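Below is one structure, written out as structure tokens; the observations come after it.
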Amino acid sequence: MDLEPPLQVPLQQVLNASAVLTHHILSGSFRSLSLFLLAFSPAQLTLDLVQTIPAFGPHQYIALGPHTETTRSAYTTSWALPPQLQSWAIEQQQDGLRVRFVDSVDITATSSYISIPSPHSHVYSAGGPSAQVHTLPDNTTGFGPHVQEIYFVPKSEWDTADKTRKALRYGSHGIEFAFPVGSPALAFIPVLGGSTIEVYTKADDGSLIHSDSSPVPQRAGTTEQEDGPRHVKVHPNGRVLYCVTEHSNFLDVYTISPPNGRTPVLTYVTSRSLIPPHLRSDGPDNASNNTNKRTYRGDTLLLAPSTQSQPAPQSIFVTTRGGDDEETKGWVSVFRLDTEGMFAGDIETNPYLVERYETKTSGGKAHALDLRLKSDDDPDGALWVILTDDSPPHPGVRVLEWDGWLWRGGGTRLREVTAWPKPGFYDTETASKVEQEQMEGASHAVWLD
């Protein structure tokens, strides 16, 4: 049998095709009222501004909602006064992707986190003394009717409670969902000042019913109030929850049990420090241990995406921010997971179980993450990583490259490949003061494609 010769594609054609491939990023800011649409080129390792979108910031935290072939929806929080949530349409137009404002809803207290769990029928937000539940309209972007307000202070204190962004330092700070087999969906809300994770069951109408209150683990030499649970994530198996503590800089792991009225929903299992061993002392009587707690501020976490060959996430990425003096840098830690969602081993110095990356700045108020697979069929799960930065001298959006655990090359598995704005933008000769203020300090950013 005669075989046809393999198709020969000119090298320049391959390079041209790679060069036009871009992935878009939507970013908020801590110091600007605007949102920013960026384009990242994997071939050229560049990150460029596509659109500046007048918004209602600062501090936009972003959740992506349902999408069609031509339109995707996004929902944001902000520090605007009076407190609001906003919705946005992300549309494919003739000249490329563009973002436009759709509508907003007033809420009673500033929110710092927003989530749209499957089946994308409701939007949930949380921040400070309260959380909110709204419906989502069918087949369009925007907000539907308000369903519920949840309180984290006694109702008798609600009228006098702080409802500004300052309350985010000690109130609720996030909301995530689990879908255990044979149980209603569960919602988890970390309350930073109370050092608890509040647990709710999700009703058919989208409202949340309080089921349990889980205190943080008692650590040697500390009190529960010192931990400050900030953000949580749930493993796709619905049986494991991860929590970052802001004050004590730990990644805590819990197992999830369906509510039965007799046993706790969350059972603490183990922890890992967000601070590398050479920068900390694990002895509770060592003065530097307390110094580390004050210097670093645990921030956020994200599970690596699943792949066809690896349906269970192989890694969890976690960040902590450095000190206010800008001299103490932040850290990104990557912990390897087994197929059940537990840490793959106990040896913290094993480079095939833990990876540490020291960031270029403290991170300021930022160091949020988002992850994107470099290839859908990569068995090692190599990733592009968004890291936001609010700290001088070059605040903005950074893109890191993660090579995966089986990588055999030299150097580190995790490294920065590009950033926006470029170094030099903040020089007075390059940009006016107004332009600098408009583009400083990324808060949260997400991959759009």
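Owing to the predicted nature of the structure, the values given are computational and were not obtained by experimental measurement.
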Between [atom1] on residue [X] and [atom2] on residue [Y], distance to nearest 0.5 Å:
X      : Y      : atom1 : atom2 : value
Ile62  : Thr76  : CD1   : OG1   : 7.0 Å
Thr135 : Gln148 : OG1   : CD    : 13.0 Å
Thr270 : Met342 : OG1   : CE    : 9.0 Å
Leu33  : Leu35  : CG    : CG    : 10.0 Å
Glu157 : Tyr151 : CD    : OH    : 13.5 Å
Ile386 : Trp447 : CD1   : CH2   : 4.5 Å

Partners of His210 by ring-ring contact (aromatic ring centres under 6.0 Å, His included), sequence neighbours excluded?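 For His210, the residues satisfying ring-ring contact (aromatic ring centres under 6.0 Å, His included) (neighbours in sequence not counted) are Tyr200.
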
My understanding is that only residues two or more places apart in sequence, or in another chain, count here; which of them pass ring-ring contact (aromatic ring centres under 6.0 Å, His included) with Tyr357?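 Counting only residues at least two positions away or on another chain, Tyr357 forms no ring-ring contact (aromatic ring centres under 6.0 Å, His included).
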
With a 3.5 Å distance limit and no angle check, can you tell me whether [X] reaches the backbone of [Y] through a side-chain donor-acceptor pair?
X      : Y      : answer
His367 : Val332 : no
Tyr75  : Tyr124 : no
His173 : His231 : no
Asp252 : Ser271 : no
Asp227 : Pro229 : no
Thr361 : Pro392 : no
Asp103 : Phe143 : yes
Ser172 : Gly127 : yes
Thr196 : Glu198 : no
Thr388 : Ala368 : yes

Tell me the closest heavy-atom pair linking [X] and [Y], and the distance in Å.
X      : Y      : value
His122 : Asp205 : NE2-O, 3.0 Å
Phe101 : Ser87  : CD1-O, 3.7 Å
Asn249 : Gly298 : OD1-N, 3.0 Å
Leu448 : Arg72  : O-NH1, 3.4 Å
Leu400 : Leu414 : CB-CD1, 4.0 Å
Pro313 : Ala304 : CB-O, 3.3 Å

Pairwise side-chain contact, [X] with [Y], heavy-atom cut-off 4.5 Å (strictly under):
X      : Y      : answer
Ser29  : Ser34  : no
Asp48  : Thr22  : no
Gln86  : Gln60  : no
Arg280 : Tyr296 : no
Ser112 : Thr77  : no
Arg272 : Val253 : no
Val354 : Pro276 : no
Glu401 : Arg415 : yes

Does the side chain of [X] pick up a donor-acceptor pair with the side chain of [Y] at under 3.5 Å?
X      : Y      : result
Gln132 : Ser111 : no
Ser333 : Arg356 : yes
Thr70  : Gln92  : no
Ser391 : Asp389 : no

Tell me whether the count of non-hydrogen atoms from other residues, nucleotides or ligands lying under 6.0 Å of [atom1] in [X] goes above 12.
X      : atom1 : answer
Arg165 : CZ    : no
Asp106 : CG    : yes
Asn139 : CG    : no

Given the rule in the side chain to side chain contact (heavy atoms under 4.5 Å, CB included) test, do Thr418 and Gln44 qualify, once you have shown the distances and angles that lead to the verdict? CA-CA 10 Å; Thr418 189; Gln44 300 176 356; over 6 Å; no

Please work out whether the ring planes of Phe56 and Trp88 are parallel, tilted or perpendicular, with thresholds of 30° and 60°.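 Plane angle between 30° and 60°, so tilted.
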
Is the Phe36 ring parallel, tilted or perpendicular to the Trp420 ring (thresholds 30°, 60°)?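 Ring orientation, 0 to 90° scale: tilted.
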
What do the steps show when you test Leu303 against Tyr242 for side chain to side chain contact (heavy atoms under 4.5 Å, CB included), and what is the final call? CA-CA 9 Å; Leu303 287 155; Tyr242 311 88; 3.8 Å; yes

Stepwise, does the side chain to side chain contact (heavy atoms under 4.5 Å, CB included) test hold for Ser214 with Tyr254? CA-CA 10 Å; Ser214 177; Tyr254 301 79; 4.2 Å; yes

Is the Lys NZ or Arg CZ of Lys163 less than 6.0 Å from the centre of Trp158's six-membered ring, within 45° of the axis? yes

What residue among Leu37, Val446, Leu47 forms side chain to side chain contact (heavy atoms under 4.5 Å, CB included) with Ile25?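 Of the listed residues Leu37, Val446, Leu47, the side chain to side chain contact (heavy atoms under 4.5 Å, CB included) partner of Ile25 is Leu47.
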
Among Leu38, Asp449, Val99, the one residue meeting side chain to side chain contact (heavy atoms under 4.5 Å, CB included) with His24: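 Going through Leu38, Asp449, Val99 one by one, the side chain to side chain contact (heavy atoms under 4.5 Å, CB included) with His24 is satisfied by Asp449 alone.
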
CA sep, side-chain torsions, deciding dist, call: Glu358, Lys329, salt bridge (Lys or Arg N to Asp or Glu O under 4.0 Å): CA-CA 7 Å; Glu358 185 177 26; Lys329 310 303 182 188; over 6 Å; no

Kindly determine whether Asp212 and Leu266 satisfy side chain to side chain contact (heavy atoms under 4.5 Å, CB included), including the steps that lead there. CA-CA 9 Å; Asp212 200 5; Leu266 293 178; over 6 Å; no

Arg297 vs Glu246, salt bridge (Lys or Arg N to Asp or Glu O under 4.0 Å): CA-CA, chis, key distance, verdict: CA-CA 5 Å; Arg297 298 159 293 146; Glu246 179 170 344; over 6 Å; no

